[in-house]
Protein chains: 2
Amino acid sequence: MSNPRSLLDVVATPCCAPLTRSPIGETDAERVAAMFRALGDPVRLRLFSNVASAEGGEACVCDIQDVGVSQPTVSHHLRKLREAGLLESERRGSWVYYRLAPSALRVMSDLLAPVDG
Amino acid sequence: MSNPRSLLDVVATPCCAPLTRSPIGETDAERVAAMFRALGDPVRLRLFSNVASAEGGEACVCDIQDVGVSQPTVSHHLRKLREAGLLESERRGSWVYYRLAPSALRVMSDLLAPVDG
DNA sequence: ACACCGTTTCGATGGTTGTCGATGTCGACA
DNA sequence: TGTCGACATCGACAACCATCGAAACGGTGT
């Protein structure tokens, strides 16, 4: 625990009260929308879920790229997920491993928290 | 009140295990991605938040349409949010009132539930 | 019936995005 | 050093989408 606050964390933690609490501001909306938009494509959603459900919390591209599109397209989508702050990647040897950005899930889940709790 | 399980509810409730649990299937991914995509536009996100945070759980279009785009565009985005199963609308007198679809928030929040709980 | 107010639909347009094949980069291994 | 395999980037194309103005629609009140 307590990695000293990575860049990805900063990117993924921008926000704000739950959407149900108070109207989201114009600038926050831009940033949060980008995160949701990243999950708004079926291929990206499957890639994200493949990584999120992988044993050990990470997977190399070769293990998750079987989603019905070409290899460059997979790479393109993984980049989008990285840029949205949802995934991190690291090269080890010949392979590139992807894992969830630490706070990504919590941030989005909190934004969508139902009204009462 | 208490509409007896609307079509919107059916659309919004289908799914599936958290994304972190097991890889989401191809058809589920299509449907879930559509929900996230609906929130993936800044204007829509603000409209959604405006409705979600409104007192009494609902608001008429005239109360939430101040998001910097023309009125037909507002209507266009509200339709997208309706079609995604996130909002419901009802006409009363001259005005149309929007409110959250009952299970929309819980469904999405559950999908994004962090790994341990 | 009529005029008014607010919502929805329509058609056009410019920008964004998903997809691919070809090519480039980086590490491993011989 | 040269080759191979794993990913990333590039350039191009087609499909999609947000946006607008204009026009049609649907209730309300006079």
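A quick note: this is a predicted structure, and the numbers were derived from the prediction, not measured. By convention in this document, chain letters (A, B, ...) are assigned in the order of the sequence lines, proteins followed by strands, and residues within each chain are numbered from 1.
Qualifying salt bridge (Lys or Arg N to Asp or Glu O under 4.0 Å) partners for B/E90, counting only residues two or more places apart in sequence or in other chains: B/R92, B/R99. Not counting sequence neighbours, B/R21 has no partner by the side chain to side chain donor-acceptor pair (under 3.5 Å) test. Qualifying side chain to side chain donor-acceptor pair (under 3.5 Å) partners for A/R79, counting only residues two or more places apart in sequence or in other chains: A/E83. With sequence neighbours excluded, no residue forms a side chain to side chain donor-acceptor pair (under 3.5 Å) with A/E26. The side chain to side chain donor-acceptor pair (under 3.5 Å) search around A/S94 returns none, not counting sequence neighbours. Judged as a side chain to side chain contact (heavy atoms under 4.5 Å, CB included), and not counting sequence neighbours, A/T27 has no contacts.
The nucleotide whose nearest atom lies closest to any side-chain atom of B/K80 is, among C/dT8, D/dC17, C/dT17, D/dC17. Side chain of B/R37, nearest nucleotide from D/dC17, C/dT7, D/dA8: D/dC17.
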Which donor-acceptor pairs under 3.5 Å do the side chains of residues 42-52 of chain A make with protein atoms, sequence neighbours left out?
{"residue": "A/R44", "atom": "NE", "partner": "A/A38", "partner atom": "O", "Å": "2.7"}
{"residue": "A/R44", "atom": "NH1", "partner": "A/H77", "partner atom": "ND1", "Å": "3.1"}
{"residue": "A/R44", "atom": "NH2", "partner": "A/R37", "partner atom": "O", "Å": "3.3"}
{"residue": "A/S49", "atom": "OG", "partner": "B/L19", "partner atom": "O", "Å": "3.0"}
{"residue": "A/S49", "atom": "OG", "partner": "B/S22", "partner atom": "O", "Å": "3.2"}
{"residue": "A/S49", "atom": "OG", "partner": "B/I24", "partner atom": "N", "Å": "3.0"}
{"residue": "A/N50", "atom": "ND2", "partner": "A/R46", "partner atom": "O", "Å": "3.4"}
{"residue": "A/N50", "atom": "ND2", "partner": "A/I64", "partner atom": "O", "Å": "3.3"}

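One interatomic measurement links the two molecules: CH2 of A/W95 to C1' of D/dA8, which rounds to 17 Å at whole-angstrom precision. Here C/dT7 presents its C1' atom at 15 Å from CD of B/E90, a figure rounded to the nearest Å. Taking atom CG on A/L87 and atom C1' on D/dC7, their separation rounds to 15 Å, with Å as the unit. Atom CD in A/E30 sits roughly 14 Å away from atom C1' in C/dT16 (whole-Å rounding). Straight-line distance from the CZ atom of A/R79 to the C1' atom of D/dT9: 7 Å, rounded to whole Å. Between A/D66 atom CG and D/dA6 atom C1' there is a gap of 16 Å when expressed in whole angstrom units. If you measure from atom CZ of B/R82 to atom C1' of C/dT9, you get 12 Å, rounded to the nearest angstrom. Between the CG atom of B/L78 and the P atom of C/dT9 there is a distance of 12 Å, rounded to whole Å.
Residue A/F36 is grouped with residue B/L100 when hydrophobic side chains (ILVMFWY) are merged at heavy-atom distances under 4.5 angstrom, including chains of intermediate members. A/V67 is not connected to A/Y97 by any chain of hydrophobic side-chain contacts under 4.5 Å among Ile, Leu, Val, Met, Phe, Trp and Tyr, and they are in different clusters. A single hydrophobic cluster is seen to contain both B/M35 and B/L112, as judged by linkage of ILVMFWY side chains at heavy-atom distances under 4.5 Å, directly or through other members.
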Considering only nitrogen or oxygen atoms on both sides, find all protein atoms under 3.5 Å from nucleotides 21-26 of chain C and state each distance.
{"residue": "C/dC26", "atom": "O2", "partner": "A/R91", "partner atom": "NH2", "Å": "3.4"}

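If you check residues 40-51 of chain B against DNA chain C, you find no residue with a heavy atom closer than 4.0 Å.
Within the 4.0 angstrom heavy-atom criterion, only backbone atoms of the sugar-phosphate kind lie near B/C62; the bases stay farther away. Among the atoms of the strands shown, none is found under 4.0 Å from any heavy atom of B/V74.
Along DNA chain C, the nucleotide nearest A/H77 and the nucleotide nearest A/R92 are compared for position; the residue whose nucleotide lies closer to the 5' end is A/H77.
Residue B/Y97 places none of its side-chain N or O atoms closer than 4.0 Å to OP1 or OP2 of C/dG6. In terms of phosphate contacts, B/H76 brings a side-chain nitrogen or oxygen within less than 4.0 Å of OP1 or OP2 of D/dA18. Distances shorter than 4.0 Å separate none of the side-chain N or O atoms of B/S75 from OP1 or OP2 on C/dT7.
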